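This report concerns only the one structure given below.
Only a predicted model underlies this, so the values are computations on that prediction, with no experimental measurement involved. Below, each value reflects all heavy atoms present in this structure, side chains not excepted, and no hydrogens, waters or symmetry copies.
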Amino acid sequence: MTREEKTGVDIHLQRACDPTDLGETECIICELNFMAESVWGVTNDIDGQPVCQACIEYFGKRNPEKFPSIEEYEAAKQRFPEPIIASKEELVSEDPWWTYVNSVMYIERA
């Protein structure tokens, strides 16, 4: 079986879009609540659902070539301490088609 044929969890780092993305939410992997911050782990293969910091840390240690590390997550939070847009209203008025937000939402790994 090739890598492309395999399925499974894939975690990426993503910036919060607006302040409503911050706060308590449930991790799609461990199903425990956590506080979503300005950067989240997300699973692209499970419809962009949030992943908690503990799961980011675990998977990053388990397979650092595939998953971001907790250090990458912490560095991204330092680089992006605030959501992309200040409010939902700003998003609707300034970027109704999400052109800008989508272009800066995902954080590429080094």
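Counting all heavy atoms, side chain and backbone alike, Pro96 lies closest to Ser93 at CD-O, 4.2 Å. Val101 approaches Asp95 most closely through the heavy-atom pair N-OD2, 2.8 Å. In terms of heavy atoms, Ala86 sits closest to Glu90 at CB-OE1, 3.2 Å. When all heavy atoms of Cys52 and Cys30 are compared, the closest pair comes out as SG-SG, 3.7 Å. Between Arg109 and Phe67, the shortest heavy-atom contact is NH2-O, 3.0 Å. Closest approach of Ala16 to Leu22, counting heavy atoms only: CB-CD2, 3.9 Å.
Note that CZ of Arg79 and CG of Leu13 are 9.5 Å apart. Values are rounded to the nearest 0.5 Å. To the nearest 0.5 angstrom, Glu31 atom CD is 5.5 Å from Glu26 atom CD. Here the straight-line distance linking atom CH2 of Trp40 with atom CE of Met105 works out to 8.5 Å at 0.5 Å rounding. To the nearest 0.5 angstrom, Asp18 atom CG is 9.0 Å from Ile84 atom CD1. Atom CG of residue Leu91 and atom OH of residue Tyr100 lie 11.5 Å apart, to the nearest 0.5 angstrom.
Under the 3.5 Å distance criterion, the side-chain polar atoms of Arg15 are left unmatched by any main-chain donor or acceptor of Ala76. In this structure a side-chain-to-backbone donor-acceptor pair under 3.5 Å is present from Glu72 to Ser69. Of the possible polar contacts, one joining the Gln53 side chain to the Met35 backbone as a donor-acceptor pair under 3.5 Å is found. Between the Lys66 side chain and the Val9 main chain, a donor and an acceptor come within less than 3.5 Å of each other. Judged by distance alone, with hydrogens and angles left aside, the side-chain atoms of Ser38 form a donor-acceptor pair with the main-chain N or O of Phe80 at under 3.5 Å.
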- Message: Test side chain to side chain contact (heavy atoms under 4.5 Å, CB included) on Ile107 and Val39; report intermediate values, then the result.
- Response: CA-CA 9 Å; Ile107 301 169; Val39 172; 3.9 Å; yes
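Cluster membership for Ile85 and Trp98, using ILVMFWY side-chain heavy atoms within less than 4.5 angstrom, is shared. The hydrophobic cluster containing Ile28 also contains Ile56, counting ILVMFWY residues as joined when their side-chain heavy atoms lie under 4.5 angstrom apart, directly or transitively.
Remark: Tyr58 pairs with Arg62 by the side-chain contact (heavy atoms from CB on, under 4.5 Å) rule, at least two apart or across chains. Looking at residues two or more places apart in sequence or on another chain, you find no side chain to side chain donor-acceptor pair (under 3.5 Å) involving Thr25. Residues passing the side chain to side chain donor-acceptor pair (under 3.5 Å) test with Glu24 are Asn33, sequence neighbours excluded.
Between Val42 and Tyr106, some side-chain heavy-atom pair lies under the 4.5 Å cut-off. Between Cys55 and Ile29 there is a side-chain heavy-atom pair separated by less than 4.5 Å. Between Pro68 and Phe59, the closest side-chain pair of non-hydrogen atoms is not below 4.5 Å.
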